[in-house]
Amino acid sequence: MPEAPDWPHCEYADGGLCRGRRVEPHAACLAHLGAAERATYLAGLAPGSDLDHRGTPFTPRLLDDLLTAVRDLSTGRPRLGHVLLDEVQFSGDARFDDAHVTGVASFGGARFGGGVSCVGTRFEGDLRFGEAKVAHDAWFDGAEILGAAWFHTAEIVGALRFAVESIGGNAVFQNLVVGGDATFSGTEFLGIALFTGVKIGGTAWFNDAKFRQDARFTKASLAHTAWFDGAWFDRDARFDSATMGGDASFHGAYFRQGAGFSGAEITGDAGFDGAEIHGILAFRKATFEKTAVLGPLAFAGTLDLSGAVFRSAVTIEAAAREIRCRRTRWSTTATLRLSHAEVDLTDAVLDFPVSVTGRPRPVVPDDGEESTGQEPADPGVRLTSLRGVDAAQLALNEIDLTHCHFIGAVHLDQLRLEGRCPLPPSPERWRWTRRRTLIEEHHWRATRYAASGWTPGPASADVPLPTVLAPVYRQLRKALEDGRNEPGAADFYYGEMEMRRHDPESSRGERALLRLYWATSGYGLRATRALGWLLLAVTATVLAIMLWGLPQDDPKARSTGKVSGDSITLVTDTPDPTGPRGPYRGRVTAKRFEKSVRVVVNSVVFRSSGQQLSPIGTYVEMASRIVEPALLGLAALAVRSRVRR
């Protein structure tokens, strides 16, 4: 047998306890009063009377008689004071349309065998519907609630229409269960709106709803499309751990303090075109099951996709100040079309090809009109980190890599760089060769060359060593070479050799050889340097030949003969050339200069000068045949590396 209620209950028992509130001074509830007693009670009611019929079983006829008794003849509307109908049993539909309730209206734990209708009803106090159960639809269209609305743990088998003018207090719909559609379009929530744990089996309509305080949809379960087009969120909007079985549409919505979808599960598309978002739009650890499109998003805040999982092919269109994709996982192909953003891909997991494309133009939704969202002023897309990323499946197109950290990424040799992807240049000073570098090299060199133009790293960050930087340059060089971009790979080769030259773990001999290679030709990449050394070597050779190499006089052959019987033997001998004599000023003549130039050119180019030289000149010529062709070859190699395709 059920427990007795807290209020004085009816003594009528027909197979069980009647929990109806007694109608004083009688011992029975309104449903079990005699006809005469009930008529007397109803006749004693007036517009504005308080009603307390908790636990009473109501038929549609009895409810109609009760509301007729409190009808205000001047307005034609039932007017009631406090209405206590907790645990009431309604056998059919319960209609409170156009009623005016000046006090609290409480239906906690009520059971409605049909539907409930409060269309156009005005509630000046709280409306309490907690734990109520409605067998069909619940209609509150056009109602006005000046107090709070409590619908926690209520269950509505059919649809819920709650498009009321406003709710003055808090709106508590925690753990509400709606079997059909739930409509809150145009409702203004002046207090906190709590939809935590709500379950809506049909479509959820919140178009043009206004949330003046916090809106909480944490752990909500929305089986089909959730429409929030034109919704207005003045405070925090939280959809954390919510489940959306269809699309999540926020077209033209307004978020004053951002929105959170952390841990949410979204099956359909998430549309935000035309939305105005301030602050952070967070999808941390969210799961996108069949989402084909996320966006277009255009706002000046932060889009946080850290830890999110995309299980189907997706296109993300966004323009934001910052886009975080830390530990984001793409389980299939994805295309990120971005603008105006700093993108962080730290520890992102790319199971399938993912392309990140920078678009220096406004985000355009499917209707072809430009987004009205607040986009940041800088149109460029800047990638800040690839640390921990397997870059084998990644393609970057028109992405600024000026501040990108590469150390920690793997398979950089398979990274695809397309379009213009600028890297930080070396300082514009005479001692530094102009080339593209990595920001990590800037950080390392800034610790060695203070105030030299290199960008220092953050104070708390570890400074990378050349040992670590060399393989990063090597892999990026290979990536460009595999993409048939030999000229673009030259700077990465230069960076690799620079790091090897400064690597303290390399042997002294290797570093000395690399230093010589760098000094003579910039690792075979600086033609002007090699040509400069070549010009210097040729000049020095010409000068040496002119001063010491050419003999004082060209030796003349002498023939001597010997007669022996009938035969004559002739011997021709050319004496060894002797070095020039006299002061150096006398050796510097136009004739000797012209002859020296001819000797050097013939010796280097044609490998034979055809000129007898002094012993010193012979050694100078031998050295020039080794050094100068090598320098000429390095210059040709440098030119080829820049024009090679």
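We're numbering straight along the sequence, starting at 1.
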Main-chain N/O of Gly130 paired with Thr153 side-chain donor or acceptor, under 3.5 Å
no
Once rounded to the nearest 0.5 Å, what's the spacing between atom CG of Asp6 and atom CZ of Arg19?
8.5 Å
Is a side-chain donor or acceptor of Asp240 paired with a backbone partner of Gly263 at a separation under 3.5 angstrom?
no
Determine the interplanar angle of the Phe288 and Phe283 rings, folded into 0 to 90°, and report it as parallel if under 30°, tilted if 30 to 60°, perpendicular if over 60°.
tilted
Between CG on residue Leu345 and CG on residue Leu383, distance to nearest 0.5 Å:
5.0 Å
For ring-ring contact (aromatic ring centres under 6.0 Å, His included), just list the numbers for Phe352 and Phe310, CA-CA rounded to whole Å, side-chain angles, deciding distance to a tenth of an Å, and then say yes or no.
CA-CA 11 Å; Phe352 284 81; Phe310 293 87; over 10 Å; no
Donor-acceptor contact present, side-chain Asp344 to main-chain Cys325, <3.5 Å
no
Ignoring hydrogens and angles, tell me if any N or O in the side chain of Asp126 forms a donor-acceptor pair with the backbone of Arg128 under 3.5 Å.
no
List the steps, then state whether side-chain contact (heavy atoms from CB on, under 4.5 Å) holds for Phe112 with His136.
CA-CA 8 Å; Phe112 297 85; His136 294 295; over 6 Å; no
Heavy-atom count around Trp330 CH2 within 6.0 Å, excluding the residue itself: above 12?
yes
Please confirm whether the backbone N or O of Glu289 pairs with a side-chain atom of Ser312, one donor and one acceptor, at under 3.5 Å?
yes
Closer than 3.5 angstrom, by distance alone: can the side chain of Thr196 be matched with the main-chain N or O of Asn175 as a donor-acceptor pair?
no
Do you know the tightest heavy-atom contact between Pro57 and Cys18?
CD-SG, 4.4 Å
With a 4.5 Å limit on heavy-atom distance, are the side chains of Leu160 and Leu176 in contact?
yes
I need the minimum non-hydrogen distance between Leu305 and Thr328, along with the two atoms involved.
O-OG1, 2.6 Å
Regarding Ser185 and Asp208, do their side chains bring together a donor and an acceptor under 3.5 Å, going by distance alone?
no
Regarding Glu24 and His26, is there a side-chain donor-to-acceptor distance under 3.5 Å anywhere?
no
Run through Phe233, Phe261, Phe228 and flag the one making a ring pair (Phe, Tyr, Trp, His ring centres under 6.0 Å) with Phe217.
Phe228
May I ask you to say whether Glu11 pairs ionically with Arg22, meaning some side-chain N is under 4.0 Å from a carboxylate O?
yes
side-chain contact (heavy atoms from CB on, under 4.5 Å) for Asp236 and Arg238? Distances and angles first, verdict last.
CA-CA 6 Å; Asp236 199 18; Arg238 309 301 303 181; 2.9 Å; yes
Mind checking whether Thr287 and Arg311 have side chains closer than 4.5 Å, heavy atoms only?
yes
Compute whether any side-chain donor of one residue and acceptor of the other, for Asp273 and His251, lie under 3.5 angstrom apart.
yes
Under the 3.5 angstrom rule, does the side chain of Ser49 hit a backbone N or O of Leu45 as a donor-acceptor pair?
no
Under a 3.5 Å cutoff, is there a donor and acceptor pairing between the side chains of Thr302 and Arg321?
yes
Indicate yes or no: at least one non-hydrogen side-chain atom of Thr218 is less than 4.5 angstrom from one of Phe195.
no
State, without any angle test, whether Arg235 and Gln213 hold a side-chain donor-acceptor pair at a distance under 3.5 Å.
yes
Does atom CZ of Arg38 have more than 12 heavy-atom neighbours from other groups under 6.0 Å away?
yes
Give a yes or no on whether the backbone of Arg337 and the side-chain of Arg359 come within a donor-acceptor separation of less than 3.5 Å.
no
For a quick check under 3.5 Å, do Ser117 and Asp97 share a side-chain donor-acceptor pair by atom type?
yes
Out of curiosity, Trp150 CH2 to Ile145 CD1, how far, rounded to the nearest 0.5 Å?
13.0 Å
Could you check whether Thr346 and Ser385, counting side-chain N and O atoms only, form a donor-acceptor pair closer than 3.5 Å?
yes
Got a second to check how far Leu84's CG is from Ser106's OG, nearest 0.5 Å?
6.0 Å
Would you confirm whether the ring centroid of His53 sits within less than 6.0 angstrom of the ring centroid of Tyr41?
yes
Should the pair Arg111-Glu87 be classified as a salt bridge under the 4.0 Å nitrogen-to-oxygen rule?
no
Taking all heavy atoms of Leu303 and all of Ala318, pick out the closest pair and write down the distance.
CD2-CB, 3.9 Å
Hydrogens and angles aside, do Asp304 and Ser306 bring a side-chain donor and acceptor to less than 3.5 Å of each other?
yes
List the steps and the verdict of salt bridge (charged side-chain N to carboxylate O under 4.0 Å, His left out) for Arg329 and Asp351.
CA-CA 8 Å; Arg329 187 182 193 102; Asp351 294 334; 3.1 Å; yes
Test item: Asn207 and Thr183 side chains (from C-beta on) under 4.5 Å apart, heavy atoms:
no
Are Asp93 and Pro60 close enough that some pair of their side-chain heavy atoms sits under 4.5 Å apart?
no
Side chains of Thr291 and Val293: closer than 4.5 Å at any heavy-atom pair?
no
Check Asp234 against Arg212 and note the closest heavy-atom contact, atom names and distance.
OD2-NH1, 2.9 Å
Can you name the closest pair of heavy atoms from Trp7 and Arg54 and give their distance?
NE1-O, 3.5 Å
So, do Phe255 and Phe250 sit near enough that their side-chain heavy atoms are less than 4.5 Å apart?
yes
No-hydrogen, no-angle side-chain donor-acceptor test under 3.5 Å, His403 and Glu342
no
Closest approach of Ala99 to Arg77 (non-hydrogen atoms, all atoms of both residues)
O-NH2, 3.3 Å
Please tell me whether Asp247 and Thr225 have a donor and an acceptor in their side chains that are separated by less than 3.5 angstrom.
no
For Ala159, is there any backbone N or O sitting under 3.5 Å from a side-chain donor or acceptor partner on Asp181?
no
Without swapping roles, check the side chain of Ser91 against the backbone of Phe58 for a donor-acceptor pair under 3.5 Å.
yes
Tell me, do Thr357 and Leu338 make a side-chain contact under 4.5 Å, heavy atoms counted?
no
Is the Phe162 to Phe173 ring centre distance short of 6.0 Å?
yes
Interatomic distance, Leu350 atom CG to Asp390 atom CG [nearest 0.5 angstrom]
8.0 Å
Check the pair Trp139, Val116 against side-chain contact (heavy atoms from CB on, under 4.5 Å), reporting the backbone distance first and the verdict last.
CA-CA 6 Å; Trp139 298 74; Val116 58; over 6 Å; no
Checking ring pair (Phe, Tyr, Trp, His ring centres under 6.0 Å) between Phe140 and each of Phe151, Phe96, Phe107, which is the one that passes?
Phe151
Output all residues satisfying salt bridge (charged side-chain N to carboxylate O under 4.0 Å, His left out) with Asp214, sequence neighbours left out; order by chain, then residue number.
Arg216
Please step through side-chain contact (heavy atoms from CB on, under 4.5 Å) for the pair Leu190 and Ile167, ending with a clear verdict.
CA-CA 6 Å; Leu190 298 178; Ile167 301 176; over 6 Å; no
